[in-house]
K.L.:
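Pasting in a structure now, in structure tokens, and then I'll have a few things to ask.
For the single chain, residues carry numbers from 1 onward in sequence order. Quick caveat, the model's predicted, so the values are computed rather than measured.
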Amino acid sequence: RSRRHDDSVSRQKLWQSLPLPPGAERMYFFHEFTCQLNDPAYNRGDVAPTDSRFRPDQRLMEVGEWDKANQEKYRLEEKQRQKRRDFQQGLLQQQDEGQLDASGSLSVKGIDIQNDWGDPTDHKPLWFTVADDVDDTQELVTPSVMYNGRYWPTKHLRNWGMCPDIF
């Protein structure tokens with residue numbers, strides 16, 4: 001036997017959406033509150049400067065400035081390409097001058113980095129490490145990403161000096 005709602009019980013509206021702000025069609029039809037969740041003004045200093053909330057092209061998209069956002073995205077991509085070329089050239093020069101050991105080890109701001117900038121496929125994240133994860137049978141080894149314990153102490157100290165300037 002199905003149960004039906006008893007119409008004699010009073011109903012109470014718990015929530016009603018506000019009208020969309022002007023220009024919402026250019027902002028994914030988000031309400032102002034939704035856009036504010038990503039507002040970097042609330043996060044400045046509390047998260048790494050590499051956090052995607054600080055991407056200038058993303059910020060421009062969020063306010064509906066599509067043409068400027070595309071230009072900014074192109075600028076960021078070119079900056080990344082140039083940075084990779086510069087680091088690769090710098091490593092080659094350091095190797096030629098005998099400043100690097102055979103493994104390509106460097107120390108930046110007291111943090112040892114192994115080939116961090118020389119080979120873009122060998123990138124080492126600041127907050128995570130990649131380790132082999134062996135299954136219970138000891139037969140299947142797969143790479144696993146694990147937190148290295150550095151983010152929260154860095155956040156607590158608000159010491160983001162080791163973060164690269166990516167924007």
K.L.:
Flag yes if Met162 and Val47 sit in one hydrophobic cluster, no otherwise; membership is Ile, Leu, Val, Met, Phe, Trp, Tyr, and two members link when side-chain heavy atoms are under 4.5 Å apart.
P.N.:
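As far as the 4.5 Å side-chain criterion goes, Val47 and Met162 are connected within one cluster.
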K.L.:
What's the shortest heavy-atom distance between Leu76 and Pro56, and which atoms?
P.N.:
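The pair with the smallest heavy-atom distance is CD1-CD, 4.1 Å.
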K.L.:
Would Asp57 and Lys68 pass as an ion pair if we require N to O under 4.0 Å?
P.N.:
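A salt bridge is absent here (no side-chain N lies under 4.0 Å from a carboxylate O).
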K.L.:
Going by atom types only, do Arg85 and Gln82 share a side-chain donor-acceptor pair under 3.5 Å?
P.N.:
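Per modelled atom types, Arg85 and Gln82 side chains form a pair under 3.5 Å.
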K.L.:
Looking at Phe33, I'd like to know if its CZ atom is crowded, meaning that more than 12 non-hydrogen atoms belonging to other residues, nucleotides or ligands lie closer than 6.0 Å.
P.N.:
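Open: at most 12 neighbouring heavy atoms sit under 6.0 Å from CZ of Phe33.
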K.L.:
Does the pair Glu72/Arg75 count as a salt bridge with the N-to-O cut at 4.0 Å?
P.N.:
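The answer is yes: the pair qualifies as a salt bridge.
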K.L.:
Main chain of Arg150, side chain of Thr154: is a donor-acceptor contact present, judged purely on distance under 3.5 Å?
P.N.:
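Yes.
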K.L.:
Starting at OG of Ser17, measure out to NE2 of His31 and round the result to the nearest 0.5 Å.
P.N.:
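The distance works out to 3.0 Å.
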K.L.:
Run the side-chain contact (heavy atoms from CB on, under 4.5 Å) test on Val130 and Ser144 for me, step by step, so that the C-alpha distance in whole Å, both residues' side-chain angles and the decisive distance to 0.1 Å come before the verdict.
P.N.:
CA-CA 6 Å; Val130 178; Ser144 181; over 6 Å; no
K.L.:
Roughly how far, to the nearest 0.5 Å, is the CD1 atom of Ile166 from the CZ atom of Arg55?
P.N.:
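Rounded to the nearest 0.5 Å, the CZ-CD1 separation comes out at 8.0 Å.
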K.L.:
Starting from Leu60, can I reach Tyr74 by hopping between I/L/V/M/F/W/Y residues whose side chains sit under 4.5 Å apart?
P.N.:
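No, Tyr74 does not connect to Leu60 through the hydrophobic network.
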K.L.:
Quick check for you: to the nearest 0.5 Å, what is the distance between Lys155 atom NZ and Trp160 atom CH2?
P.N.:
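CH2 of Trp160 is found 6.0 Å from NZ of Lys155.
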K.L.:
With rounding to the nearest 0.5 angstrom, report the CZ to CD distance, Phe167 to Gln58.
P.N.:
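Answer for the CZ-CD pair, Phe167 versus Gln58, is 8.5 Å.
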K.L.:
Hey, is Glu77 close enough to Lys73 for a salt bridge, meaning N to O under 4.0 Å?
P.N.:
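A salt bridge is present here (some side-chain N lies under 4.0 Å from a carboxylate O).
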K.L.:
Does a side-chain heavy-atom distance below 4.5 Å link Phe128 with Asn148?
P.N.:
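They are not in contact (no side-chain heavy atoms under 4.5 Å apart), so the answer is no.
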K.L.:
Output, in order, the C-alpha distance, side-chain angles, deciding distance and verdict of side-chain contact (heavy atoms from CB on, under 4.5 Å) for Arg59 and Phe54.
P.N.:
CA-CA 7 Å; Arg59 301 299 309 150; Phe54 299 125; over 6 Å; no
K.L.:
Taking all non-hydrogen atoms of both residues, which atom of Tyr151 and which atom of Ala48 are closest, and how far apart?
P.N.:
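Shortest heavy-atom separation between Tyr151 and Ala48 comes out as OH-N, 4.1 Å.
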K.L.:
For residues Thr50 and Pro164, report the shortest heavy-atom separation together with the two atoms involved.
P.N.:
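That would be CG2-O, 3.4 Å.
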K.L.:
Hey, are Asp165 and Lys83 close enough for a salt bridge, meaning a charged N less than 4.0 Å from a carboxylate O?
P.N.:
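Salt bridge: no.
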K.L.:
Applying the 4.5 Å side-chain criterion to the ILVMFWY set and letting contacts propagate, would Leu20 and Val63 be lumped into a single cluster?
P.N.:
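Cluster IDs for Leu20 and Val63 differ.
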K.L.:
Starting at CD of Glu65, measure out to CG of Asn70 and round the result to the nearest 0.5 Å.
P.N.:
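If we round to the nearest 0.5 Å, Glu65:CD and Asn70:CG are 11.5 Å apart.
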